[in-house]
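Here the structure is a predicted model, which is why all the values come from computation and not from measurement. Residue numbers start at 1 and run along the sequence shown.
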Amino acid sequence: GGGGNVWIYGDSVGVCAHEIGHSFGLAHANFWDTSGTSAIGPGANDEYGDSYDVMGGGGVPGDHYNAAAKSQIKWLPDTFVQNVTASGLYRIYAFDQGALDPRNRYAMTITKDSQRTYWGELRQNYTGSSSRQWADKGMILGWKFPAGSGGNIQLLDTTPGSPYGKDDAAVTLG
């Protein structure tokens with residue numbers, strides 16, 4: 001992983017997508033594991049724990065690199081990301097599509113402090129997926145937390161302690 005070359009022994013599309021992500025400079029997409037006690041409280045980094053991301057535990061074709069990762073590799077230009085600095089009503093569109101309209105915003109960021117930036121994203125490829133029912137109609141939330149995140153986003157479970165674990169991590173409509 002890392003650098004400009006990829007060597008893969010096998011023919012899995014998911015492994016290829018993951019290893020090519022490393023050649024772009026992406027780290028693993030992880031999960032902030034608080035053992036169900038809180039969304040952002042004391043916890044530990046769970047490497048590969050972002051089940052919605054190819055750089056984590058996700059697969060292809062439904063899962064993509066997350067919005068922060070796509071921004072890092074310039075597939076999601078900064079002008080397509082809404083930086084939230086005040087309370088208000090903001091609209092973002094699903095970023096996992098073939099063509100992006102420059103009039104729209106496809107992710108949102110909220111800077112908490114010098115250590116944490118929250119990223120919100122929507123996915124459209126989950127429509128009708130029973131295994132992704134919460135992310136189908138909700139915003140996946142993660143944070144860039146350099147102190148222990150491994151350099152990529154960490155998925156946050158916005159429903160800690162639920163019987164579904166991180167499977168219902170998304171902030172759902174309603």
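Applying the side chain to side chain contact (heavy atoms under 4.5 Å, CB included) rule to Ser12 yields the partners Val15; only residues at least two apart in sequence or on another chain are considered. Taking the side chain to side chain donor-acceptor pair (under 3.5 Å) definition, one finds that Asp53 meets it with Asn66, sequence neighbours left out. Under the side chain to side chain contact (heavy atoms under 4.5 Å, CB included) criterion, Asp11 pairs with no residue at all, not counting sequence neighbours.
Smallest separation of non-hydrogen atoms from Gly138 and Ala170: C-CB, 4.2 Å. Summarising the geometry of Met108 relative to Val84, their closest heavy-atom pair is CE-CG2, 3.4 Å, with the distance given to 0.1 Å. Listed here is the closest heavy atom pair of Gln154 and Asn45: NE2-OD1, 2.7 Å. Asp63 approaches Arg123 most closely through the heavy-atom pair CA-NH1, 4.1 Å. Among all heavy-atom pairs drawn from Ser71 and Asp78, the shortest one is OG-OD1, 3.6 Å. Nearest heavy-atom pair across Ala169 and Thr158 is O-OG1, 2.6 Å.
How far CZ of Arg105 is from CZ of Arg91: 13.0 Å, rounded to the nearest 0.5 Å. Within the model, atoms NE2 of His64 and CD of Gln124 stand 8.0 Å from one another, a figure rounded to the nearest 0.5 Å. Remark: Gln97 CD to Asn104 CG distance equals 8.0 Å, nearest 0.5 Å. The line from CG of Asn125 to CG of Asp96 is 4.0 Å long, rounded to the nearest 0.5 Å.
Inter-residue side-chain proximity for Lys144 and Arg116 is flagged as unmet; no heavy-atom pair is nearer than 4.5 Å. By the 4.5 Å heavy-atom criterion applied to side chains, Leu76 and Leu100 are counted as neighbours. Residues Glu121 and Met139 fail the side-chain proximity criterion, which asks for heavy atoms closer than 4.5 Å. In this structure, the side chains of Val13 and Val60 come closer than 4.5 Å at one or more pairs of heavy atoms. Side-chain contact between Phe24 and His22: absent, with no pair of heavy atoms (C-beta onward) separated by less than 4.5 Å. Considering only heavy atoms from C-beta on, Tyr65 stays 4.5 Å or farther from Asn152 through its side chain. Using a 4.5 Å cut-off on side-chain heavy atoms (C-beta onward), Thr172 and Lys137 make no contact. The shortest side-chain heavy-atom distance between Tyr118 and Ile40 falls under the 4.5 Å cut-off.
A cation-pi arrangement is found for Lys166 relative to Phe31, the charged atom lying closer than 6.0 Å to the ring centre and inside a 45° cone about the ring normal.
Taking the ring centroids of Trp32 and Trp143, they lie under the 6.0 Å cut-off.
Cluster annotation: Leu26 and Tyr48 are assigned to distinct hydrophobic clusters (Ile/Leu/Val/Met/Phe/Trp/Tyr, side-chain heavy-atom contacts under 4.5 Å, transitive).
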Walk me through whether Trp119 and Leu141 qualify under side-chain contact (heavy atoms from CB on, under 4.5 Å).
CA-CA 6 Å; Trp119 280 79; Leu141 188 64; over 6 Å; no
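No side-chain donor-acceptor contact under 3.5 Å links Asp50 and His28. Side-chain contact annotation: Asp157 with Thr159, donor-acceptor N/O pair under 3.5 Å present.
Each of Trp75, Phe80, Tyr90 was scored for a ring pair (Phe, Tyr, Trp, His ring centres under 6.0 Å) with Tyr106, with one residue passing: Phe80.
Surrounding OH of Tyr164 are at most 12 heavy atoms belonging to other residues, nucleotides or ligands under 6.0 Å away.
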